Number of protein chains: 2
Amino acid sequence: MTLEQVARRAGVSTATVSRVLNNVGPVRSTTRARVLKVIEELKYSPNLHARSLAGGKNRSIGVIVSNIENPFFLDIYKAVEEQAHSAGYELIMANTDYRADRLTASIRLMIGRRVAGLAAIVSEMDSNLIEELSGYRIPVVFYDVGTPRRNITNIRVNYRSGMEKLVSYLYTLGHRRMVFVGHHAALGPINERLRVLLDAVQRFPSLRVETAADTDTLDGGRRAARAALSACPDLTAIVCVNDVMAVGVLRELRDCGLRVPEDVSVTGFDNIKLAQYCSPSLTSVHIPRDEIGRIICDCLINEQNKLLEREFVLDPELVLRDSTGPASARNGAPEHALDASVTPALDTARKL
Amino acid sequence: MTLEQVARRAGVSTATVSRVLNNVGPVRSTTRARVLKVIEELKYSPNLHARSLAGGKNRSIGVIVSNIENPFFLDIYKAVEEQAHSAGYELIMANTDYRADRLTASIRLMIGRRVAGLAAIVSEMDSNLIEELSGYRIPVVFYDVGTPRRNITNIRVNYRSGMEKLVSYLYTLGHRRMVFVGHHAALGPINERLRVLLDAVQRFPSLRVETAADTDTLDGGRRAARAALSACPDLTAIVCVNDVMAVGVLRELRDCGLRVPEDVSVTGFDNIKLAQYCSPSLTSVHIPRDEIGRIICDCLINEQNKLLEREFVLDPELVLRDSTGPASARNGAPEHALDASVTPALDTARKL
DNA sequence: TTGAAAGCGGTACCAG
DNA sequence: CTGGTACCGCTTTCAA
């Protein structure tokens, strides 16, 4: 079904059909009606490839994420989608599974599709790619990696601040021996969450931190917890790189007969919905996905050029729930710590 | 950056560059090398719109789902993605949020993009649309709706069987008063899970079932549980349309001070990963997302024409975990039921 | 082994 | 208001 067939059947030119389709230019209403009728009869739907080739424009924006199974990424995707849709844009999603080769392929794909803008919510971005992206003329927003340059905007979260709040909170509760659970991509020397945690640790006397890593999944969290416990049997707190892994950790601890928070405290990061629904609910650090989505759309769609080529820094907030409590000498007296569990009302979170 | 610019810079024709790009036809290796070099220098990436317009082909398949936030849909998406990728296809995803208008728009979008095949994992499909889709010449796979016809394959799950297993299991445990928690789209008169549950109920003497509905989210499950409890205070079991809502239900019960399964039994459906990670772990009915993904790819990509235009029926399996136990007269003696909680080993599930 | 040229299905400009 | 037509960037004969 093509424009031309529609035109012929309606006894008009392709130009006229195009005008009707796009609601531009003057068309006599009887003509319009006739064309519309034919379109309906033929169930014609325009070839979008031809359209964007001819028009040179493309109302679609690309979103690349590291792990679509992690609700953190999905939330951002949804936030972008909502605004994009109401501005008449379509989203094209790509998932990299934290793999650099898939990222490269995804970027090429987006460029090949000539997206109007690109958001890369990934942690595995390398600087060559960033350089290359800057070369194409489309607006790009990075989350968490890179620095502003031509056509490129950056959004980053002040992990330092978040981690410091978290660690100092745990320290105050008496925790001195903790394990950081990350996923592989988060344990590279470049990774900010880990680095920042280690930095924070320096400032607290007699605080020691080990690390454990696995995949960024529930199963990964569970395995990492197992590794953490065997590597560091006297730990009193497990600090997780995100909430998904933390839920996996909770599960493993339950299986080991360890109570949270009485025996071990657990913290997440991101503050996804699930953090409120797991048991016990998770102390976490809130990262505002809605706001990230909003900024992305402002840069990519509304093209606030003042917004482009700059850096946004978001300050995360600590959210206290039921998975953290005073440290206890678990090996000695687990019955020591009987204080922490209060089941709060509907919105259980206390913000700090 | 266009083919022509590359051609000019390499001193060859566009036809030759095209041959190099697609690895077809004879090209002298020195020529090939020269072209490749220019492509690299210019960081040329072909305009995919032009390509599929000219070639008439399109190695991409469309996947439409009702609610991408529900891991059930995401699992299918991922299963399809994996196979599609290894066959050199790209996926285009669209999410309808259970809205018919969004479904229509998504289908038009996919048709407009001239996808090679389309999978519709949605429950809100209407028969006009199915008719229309059959008219386009592309292979289509539906999950859960419609019947086979030209170019159309159907996958459906034998919910009847699954629900009957679930209900008879609960009945055996003594439950006589239960509430079915669904999302709005699952409570229409057409919906199979509900209908089948109500049918099953007929066969069990003195079993009564109420219904409650909310959105297909964790929050929705929680609100539905609240509604269920107030509508039917003496319930002993809550049967949920899926695992996500069941996790929401668990949370609300916990807040109400009701123990699962001692006071109330809860069941999910789908058997997503989270069912193993919530607390208590969820008794559920397994729907094999991997197999669904496999069938979709077989029909859409490998185009096993024998597979097309037929119907696949999957038989779901009951998976027992810790969220179900004997019914107890909760209003009378909650301390009655102290039996059910055994924390099992790594894979906690017992299949029936 | 390579190049010239005819489309693919639209858009948009320019006449009429 | 409407039609003719020159592209958009790439694929694919057909000749050379």
Side-chain angles (χ1 to χ4, degrees), chain A residues 1-36 38-39 42-60 88 108-116 136-138, chain B residues 1-36 38-39 42-60 88 108-116 136-138:
Chain A
M1 202 48 33
T2 72
L3 235 204
E4 181 158 0
Q5 296 173 51
V6 173
R8 195 150 35 211
R9 203 151 180 317
V12 298
S13 73
T14 61
T16 299
V17 178
S18 178
R19 289 189 193 103
V20 171
L21 236 32
N22 298 294
N23 270 312
V24 300
V27 180
R28 195 190 302 154
S29 67
T30 68
T31 309
R32 168 183 304 279
R34 189 152 34 93
V35 170
L36 249 19
V38 172
I39 288 177
L42 266 40
K43 296 198 180 316
Y44 164 73
S45 68
N47 185 320
L48 263 21
H49 299 298
R51 176 175 288 186
S52 58
L53 183 58
K57 322 166 181 183
N58 197 338
R59 296 181 77 79
S60 68
R108 295 244 192 289
L109 187 64
M110 297 298 181
I111 299 298
R113 294 213 218 273
R114 299 294 187 266
V115 293
Y136 305 120
R137 296 318 201 86
I138 65 169
Chain B
M1 201 51 32
T2 74
L3 237 203
E4 180 158 359
Q5 297 175 50
V6 173
R8 195 150 34 213
R9 204 154 182 311
V12 297
S13 73
T14 61
T16 298
V17 178
S18 178
R19 290 189 191 101
V20 171
L21 236 31
N22 298 294
N23 270 310
V24 299
V27 179
R28 196 190 300 156
S29 68
T30 67
T31 310
R32 169 183 304 280
R34 188 152 34 95
V35 170
L36 250 19
V38 173
I39 287 176
L42 266 41
K43 297 199 181 315
Y44 164 73
S45 68
N47 184 321
L48 264 20
H49 299 298
R51 174 174 288 185
S52 57
L53 183 58
K57 321 165 182 184
N58 198 337
R59 295 182 77 80
S60 68
R108 295 243 191 290
L109 188 63
M110 296 298 182
I111 299 299
R113 294 214 217 273
R114 298 295 188 266
V115 292
Y136 305 120
R137 296 318 202 85
I138 65 168

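Proteins come first, then strands; the chains are lettered A, B, ... in the order of their sequence lines, and each starts at number 1. Not measured: the values here are computed from a predicted model.
- Judged by closest nucleotide on DNA chain D, A/Ser29 is the one of A/Thr14 and A/Ser29 placed further toward the 5' end.
- Using modelled atom types, no side-chain atom of B/Asn47 and backbone atom of A/Leu53 make a donor-acceptor pair closer than 3.5 Å.
- Rounded to an integer number of Å, the gap from A/Leu21 CG to D/dT2 C1' is 16 Å.
- The closest side-chain heavy-atom distance from A/Gln5 to A/Tyr44 is not below 4.5 Å.
- Nearest-nucleotide positions on DNA chain C for A/Ala50 and B/Thr30 put B/Thr30 closer to the 5' end.
- Among the heavy atoms of the strands lying under 4.0 Å from B/Val12 are primed sugar atoms or P, OP1, OP2 only; no base atom is included.
- The CZ atom of B/Arg9 sits 12.5 Å away from the CZ atom of B/Arg34 when rounded to the nearest 0.5 Å.
- Proximity of A/Ser13 to the phosphate of D/dG4: no side-chain N or O atom is located under 4.0 Å from OP1 or OP2.
- As a whole-Å value, the separation of A/Arg28 CZ from D/dG3 C1' is 13 Å.
- One can place CZ of A/Arg19 at 8 Å from C1' of D/dG3, the figure rounded to the nearest angstrom.
- A/Arg32 contributes no side-chain N or O that, together with a main-chain N or O of A/Val27, makes up a donor-acceptor pair within less than 3.5 Å.
- One interatomic measurement links the two molecules: CD of B/Glu4 to C1' of D/dC10, which rounds to 11 Å at whole-angstrom precision.
- No contact: A/Ser52 has no heavy atom under 4.0 Å from any strand.
- Taking a 6.0 Å sphere around CD of A/Glu4, one finds it holds 12 or fewer heavy atoms contributed by other residues, nucleotides or ligands.
- Here A/Val17 lies out of heavy-atom contact (under 4.0 Å) with every strand.
- In this structure, A/Ser52 contributes its side chain and A/Leu48 its backbone to a donor-acceptor pair below 3.5 Å.
- For DNA chain C, the span of nucleotides reached by chain A at under 4.0 Å from its heavy atoms goes, 5' to 3', from C/dG9 to C/dC13.
- At D/dC8, none of the side-chain N or O atoms of B/Asn47 fall inside 4.0 Å of OP1 or OP2 (strictly under the cut-off).
- Dashed line: the shortest gap from a side-chain N or O of B/Lys57 to OP1 or OP2 of D/dC10 is not under 4.0 Å.
- Of the candidates D/dT5, D/dC10, D/dT2, D/dT2 carries the atom nearest the A/Thr16 side chain, counting heavy atoms from C-beta on.
- Considering only heavy atoms from C-beta on, B/Arg19 stays 4.5 Å or farther from B/Thr31 through its side chain.
- Atom pair A/Leu53:CG and D/dC7:P shows a separation of 14 Å (rounding to whole Å applied).
- Both B/Ala15 and B/Gly55 sit near DNA chain C, but only B/Ala15 has its closest nucleotide nearer the 5' end.
- Going from atom CE of B/Met1 over to atom P of D/dC8 covers 15 Å, rounded to whole Å.
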